[in-house]
Amino acid sequence: MNIKIESIPPSAYPDYRLSVMFDGYKWDLQAGEQSTISDKVVLLGQDEMTFLADHAVRLYNETIAMEAALHKNPDMVRKLGISEPMTEALCNCNYKPEQHVRFMRFDFHPTTEGWKISEVNSDVPAGYPEASILPALAQVYFKDYVQYGNFGEIIKARLMRLIPSGSTVAYLHDTHTVEDYQILHYLGDIMETTGYKSMYASPEHIQWENAKAKGIGGIVRYFPVEWMEFTPHVDWIGYVNAQTPSCNHPIALLTQSKRLPLVWDDLGVDIPIWKMLLPETKCVNKLESQDGWILKPAFGRVGEGITIPGTMSEEEEQAVYQSAISDPMQWVAQRMFQSMPVDGFHLNVGVFVVDGVYAGCYGRISNEPRIDEDASEVPILIKERDKCEIFARRHELKYER
C-alpha cells in the first residue's frame, strides 16, 4: 500500500496548532492528557485514493438500495435491533429522498488483506471540519501533496439546492457538549456566508405543524435517531414525517445498525462491494467460540464497547460479553481483521459520500488496533497535484440552484 504518516515540521507545529484551533473549529484542545490536535498527516498515493473514493461511492449506492428495501419491510427492520414504535414509524413514513440531503461516512482500514471496512456511519457521522479545513491547513507543509475533496463545500451546495434562500437552518445537537457544537458551527458559518441564518438547538426545541418545522427552512441533525426516541420532550415522530429538508432524515437509522449484514441476503439487493470489504458478521448467540471475533453494539459509536483483544482488560471484555449474551438483539459479532500498522500507527480513513458523490475524507490514528474516542484526528493528502486535479474532475458534479 502506498501510505505514509509523517509529521508537521516541529518548528511549524505551534502555528499549525493555532490555525487548527481558530480556523479548523477544534476548540476542545484536550481529551484527558492527550492533545486533540495531532502533528501527524496521512499521505496517500493516487491509486489508494482512487480505490477509496470509488468504492465509497459504490458502497453508498448499495446502502441506499438496502435502505429502500428496508423502508417497507418491518419484519426485516425488527431484526436490526430497532424498537417497535420506531420500526412502525419509519416503515410507514412518506419518505421522499429527493426532498432531503443524504450523506454517509465509510470507515476504511489498511489490513494484511488490503483495504477493509469496519462499518458505515449512516446516521450522524462526525468529521466535518476535519474533512474540509484540516487538509488545506496541512498541505502547505508537504510539497507535491494536496487536498482531495472538501466535505463542507459539497454539503453546502446540496443544502442550498433544497433550503429556501435566506431562511433559518436548525443545527441540532447535544447542547451539553462543546464538541458537537463546534462541528455544527463550522457548517453554520459557511452557510451564513451565502445568506442563511443559523439556530443551534436541541431536538426538543423544534415544533411541528403540518409535517413542517415551524420557522425553520432546513434541518442539519447531529443527534442520533435512537437517542431522540428516548429523550424527554422530543417530538421524534415529527422528524420521521418531516417535509422540511433534512440532513439526514431519520430513515438513516435503518442502515446505521451494525446488524444490517444479518438481513441483507433477504432484501433482494445486489451488494458485491459490501460483501467484499466487510468482514463476516454473525448473531452473538450463534458464536461457537469468541476466538477470532469481536463484539460490537448494534448502535455503538466512536469504537465504544468493541472487544478487540489486547485493548481492554479481561474484566471489561467479560462484561461486554455478558451484556451481549443477555441482549443479543443489541449486539453483533464480526470476524476480526488484522490491522496493518502504518509507520507505527493503526489507521482509519473515514470517506464521506454526499448524495452519491465523493465528498472528502479524514483520518484517525491510534497506537492500538482499536480506533475509539482517544484516537487522534489527522488530515489526509494525496500525491501529485496535476494528476489529482485530473482525478478530481472525473468525480466532479455541478451543483446548480
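All values derive from a computational prediction rather than experimental measurement.
In this structure, a donor-acceptor pair under 3.5 Å is present between the side chains of Asn121 and Asp107. Side-chain contact check for Thr244 and Trp208: no donor-acceptor pair (N or O, by modelled atom type) lies under 3.5 Å. Between Ser339 and His346, the side chains place a donor N or O and an acceptor N or O closer than 3.5 Å (distance only, hydrogens not considered). Side chains of Ser38 and Arg17: a donor-acceptor N/O pair is absent below 3.5 angstrom, by distance only. Between the side chains of Ser132 and Glu153, no donor-acceptor pair of N or O atoms lies under 3.5 Å. Ser7 and Lys40 share a donor-acceptor pair across their side chains, judged by distance under 3.5 Å alone. For the residue pair His109 and Ser118, a side-chain donor N or O sits within less than 3.5 Å of a side-chain acceptor on the partner. Checking Asp189 against Tyr25 by side-chain atom types alone, a donor-acceptor pair falls below 3.5 Å. Checked by atom type, the side-chain pair Glu48/Trp115 shows a donor-acceptor distance below 3.5 Å. Donor-acceptor pairing under 3.5 Å is lacking for the side chains of Thr111 and Gln338.
Although no hydrogens or angles enter the test, the distance criterion places a donor-acceptor pair under 3.5 Å between the side chain of Lys116 and the main chain of Met276. A donor-acceptor distance shorter than 3.5 angstrom exists from the side chain of His71 to the backbone of Cys93, with no hydrogens or angles considered. Using modelled atom types, one side-chain atom of Ser257 and one backbone atom of Arg259 make a donor-acceptor pair closer than 3.5 Å.
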If you apply the rule ring pair (Phe, Tyr, Trp, His ring centres under 6.0 Å), what do you find for Tyr95 with His100, and how did you get there?
CA-CA 9 Å; Tyr95 171 65; His100 306 277; 5.7 Å; yes
Let's go through Phe352 and Phe151 carefully: what are the C-alpha distance in whole Å and the side-chain angles of both, what is the deciding distance for ring pair (Phe, Tyr, Trp, His ring centres under 6.0 Å) to 0.1 Å, and is it a yes or a no?
CA-CA 7 Å; Phe352 284 99; Phe151 172 81; 4.5 Å; yes
Test Trp236 against Thr231 for side-chain hydrogen bond (donor to acceptor under 3.5 Å, both in side chains), laying out the working first.
CA-CA 9 Å; Trp236 62 269; Thr231 301; over 6 Å; no
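Between Phe142 and Ala138 the shortest heavy-atom distance is CD1-O, 3.3 Å.
At most 12 non-hydrogen atoms from other residues, nucleotides or ligands lie less than 6.0 angstrom from CG of Asn210.
For Tyr171 and Tyr222, the ring centers are positioned 6.0 Å apart or more. Two rings, from Tyr60 and Phe103, have their centers 6.0 Å or more apart.
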